[in-house]
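Take a look at the structure set out below.
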Amino acid sequence: DKANYRHFMAKEIHEQPEVVGHTLARYLDMGAERVALPAKLPFDFNDIQRISITACGTANYAGYIGKYWFERFARLPVEIDIASEFRYREAPLRKGDLAIFISQSGETADTLAALRYAKEQGLHTLSVVNVPTSTIARESEIVMPTLAGPEIGVASTKAFTCQLTVLAALAVAAGRARGELSEQDETRLVHGLIELPRLMAAALATEHQVERLARDIAKSQDVLYLGRGTSYPLALEGALKLKEISYIHAEGYAAGELKHGPIALIDEKMPVVVIAPYDRVFEKTVSNMQEVAARGGRIILITDAKGAEEATVESLVTIVMPDMDAAFTPLVYAIPAQLLAYHTAVVMGTDVDQPRNLAKSVTVE
Ligand code: F6R
């Protein structure tokens with residue numbers, strides 16, 4: 001049931017404050033302001049030397065953001081893999097380490113094969129899945145459910161932000177267990193998480209502005225997405241979302257990689273979506289924006305009020321996100337990226353919920 005929405009994707013984008021709220025309620029003790037995982041872990045984070053995260057597509061980008069969190073909060077090295085690569089490259093794995101698998105459907109063939117491989121190698125297996133009865137959930141040692149509810153639109157939206165929610169809670173738990181985060185750090189981060197539903201609702205309020213922008217983006221042949229830090233995997237996700245439902249070619253890049261090749265593409269016809277909250281790498285991203293502007297590239301800047309004020313570059317459009325804890329910006333900045341893909345596809349007249357050549361669950365390799 002699409003409620004009053006034209007497409008499931010629109011409904012699912014709008015459900016995010018609510019389903020992220022449900023997921024938070026499962027992973028946090030809101031009253032005590034502590035992380036409280038729904039399942040007891042059969043290992044101690046202090047015995048883990050390395051985490052391996054494996055998934056496909058959007059779930060892989062959620063894992064990539066999770067990597068930044070585990071490394072920053074818990075000082076735990078994380079390897080992030082695409083499931084189809086992980087399976088065959090025979091990575092050396094250490095018995096007793098932790099392997100995390102992320103999947104909305106819980107049926108993705110390559111992710112499932114990667115899970116079986118990790119199990120054989122004697123790793124602890126933890127899956128972040130949206131379908132609790134799925135094969136990946138059944139075969140994992142530990143299941144951390146995302147409470148996104150059924151996701152019907154082929155393009156993943158609410159499952160992605162719920163995956164991020166679970167990974168954030170896990171990373172904070174790991175940081176506490178390893179003594180890398182103090183009790184005050186945990187309280188501050190949990191506060192940041194609790195704020196997310198409200199902030200995501202504020203991000204949804206930019207929809208009309210994004211809708212106007214989409215009419216312009218729909219005329220483009222190619223779109224570049226740039227970001228640094230956790231905004232880098234989000235740039236990859238923004239580009240994936242646009243290409244899969246609007247069929248416009250899009251690429252995500254780490255902003256710092258621009259000058260190593262992709263800058264050659266930039267001309268007056270090229271929209272460049274820059275995802276840049278005012279954080280500790282903001283100034284660096286601004287200098288990359290200057291490189292784009294100097295070549296006539298049309299910049300769409302997604303930032304916050306402070307970023308909008310400090311960005312010394314002319315942008316075509318600036319989309320202003322609410323002020324928030326810098327750690328968790330991907331959950332909020334995902335929303336304008338999803339809305340931009342959605343409204344561009346609507347302008348193009350594509351089949352938004354059932355894009356050509358794609359299936360909701362990829363059970364073949
Ligand atoms: C993108 C998308 C796909 C899936 C990928 C993994 O919008 O939907 O990239 O994220 O096929 O699927 P799951 O999460 O079911 O393993």
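Remember, it's 1-based here, ligands and their atoms both numbered in the order they're listed. Just so it is clear, the model here is predicted, and its values are computed rather than measured.
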Output every pair passing side-chain hydrogen bond (donor to acceptor under 3.5 Å, both in side chains) with a member in residues 153-164, not counting sequence neighbours, ordered by first then second residue.
E15-K158, Q16-T161, E151-S156

With side-chain hydrogen bond (donor to acceptor under 3.5 Å, both in side chains) as the criterion, how do T187 and R34 come out once you've worked through the C-alpha distance, each side chain's angles and the decisive distance to 0.1 Å?
CA-CA 6 Å; T187 306; R34 293 280 161 263; 3.2 Å; yes

Verify, without hydrogens or angle tests, whether D353 (side chain) and M9 (backbone) share a donor-acceptor contact under 3.5 angstrom.
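Between the backbone of M9 and the side chain of D353 there is a qualifying donor-acceptor contact (under 3.5 Å).
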
Check for a donor-acceptor pair, side chain of S246 on one end and backbone N or O of I248 on the other, with a separation under 3.5 Å.
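Side chain of S246 to backbone of I248, a donor-acceptor pair under 3.5 Å: yes, one is there.
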
Any N or O on T111 sitting closer than 3.5 Å to an N or O of ligand 1?
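N/O-N/O distance below 3.5 Å does not exist for this pair.
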
Is there a polar contact between ligand 1 and K360, counting only N or O atoms under 3.5 Å apart?
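For ligand 1, there is no N or O atom that lies under 3.5 Å from one belonging to K360.
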
Check contact between [X] and ligand 1, using heavy atoms of the residue and a distance below 4.0 angstrom.
{"X": "S361", "result": "no"}
{"X": "K241", "result": "yes"}
{"X": "L358", "result": "no"}

Any idea which atoms of ligand 1 are less than 4.0 Å away from a heavy-atom of [X]?
{"X": "A59", "answer": "10 (O), 14 (O)"}
{"X": "S103", "answer": "13 (P), 14 (O), 15 (O), 16 (O)"}
{"X": "G57", "answer": "9 (O)"}
{"X": "A155", "answer": "7 (O)"}

Should D110 and R87 count as an ion pair when the cut-off is N to O under 4.0 Å?
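Salt bridge present between D110 and R87.
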
Starting from Y247, walk the hydrophobic network (Ile, Leu, Val, Met, Phe, Trp, Tyr; side-chain heavy atoms closer than 4.5 Å) and list everyone else you reach, by chain and number.
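Members besides Y247: none; it forms no cluster.
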
Give me the residue, atom name and distance of the protein heavy atom closest to [atom].
{"atom": "atom 14 (O) of ligand 1", "answer": "Q104 N, 2.6 Å"}
{"atom": "atom 12 (O) of ligand 1", "answer": "T108 OG1, 3.5 Å"}
{"atom": "atom 6 (C) of ligand 1", "answer": "C56 O, 3.4 Å"}
{"atom": "atom 15 (O) of ligand 1", "answer": "S105 OG, 2.7 Å"}
{"atom": "atom 2 (C) of ligand 1", "answer": "T58 OG1, 3.9 Å"}
{"atom": "atom 7 (O) of ligand 1", "answer": "E244 OE2, 2.4 Å"}
{"atom": "atom 11 (O) of ligand 1", "answer": "V362 CG2, 4.1 Å"}
{"atom": "atom 8 (O) of ligand 1", "answer": "V154 O, 3.1 Å"}

F328 vs W69 aromatic rings, parallel, tilted or perpendicular, using cut-offs 30° and 60°?
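Rings of F328 and W69: perpendicular, over 60°.
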
Using 30° and 60° as the class boundaries, would you call the ring planes of Y117 and F86 parallel, tilted or perpendicular?
perpendicular

Given M144, which partner from the list V129, I100, V166 fulfils the side-chain contact (heavy atoms from CB on, under 4.5 Å) test?
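Of the listed residues V129, I100, V166, the side-chain contact (heavy atoms from CB on, under 4.5 Å) partner of M144 is V166.
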
Q104 and N130 side chains, donor-acceptor separation under 3.5 Å:
yes

If the test is salt bridge (charged side-chain N to carboxylate O under 4.0 Å, His left out), which one of R50, R94, K67 qualifies with E79?
R50

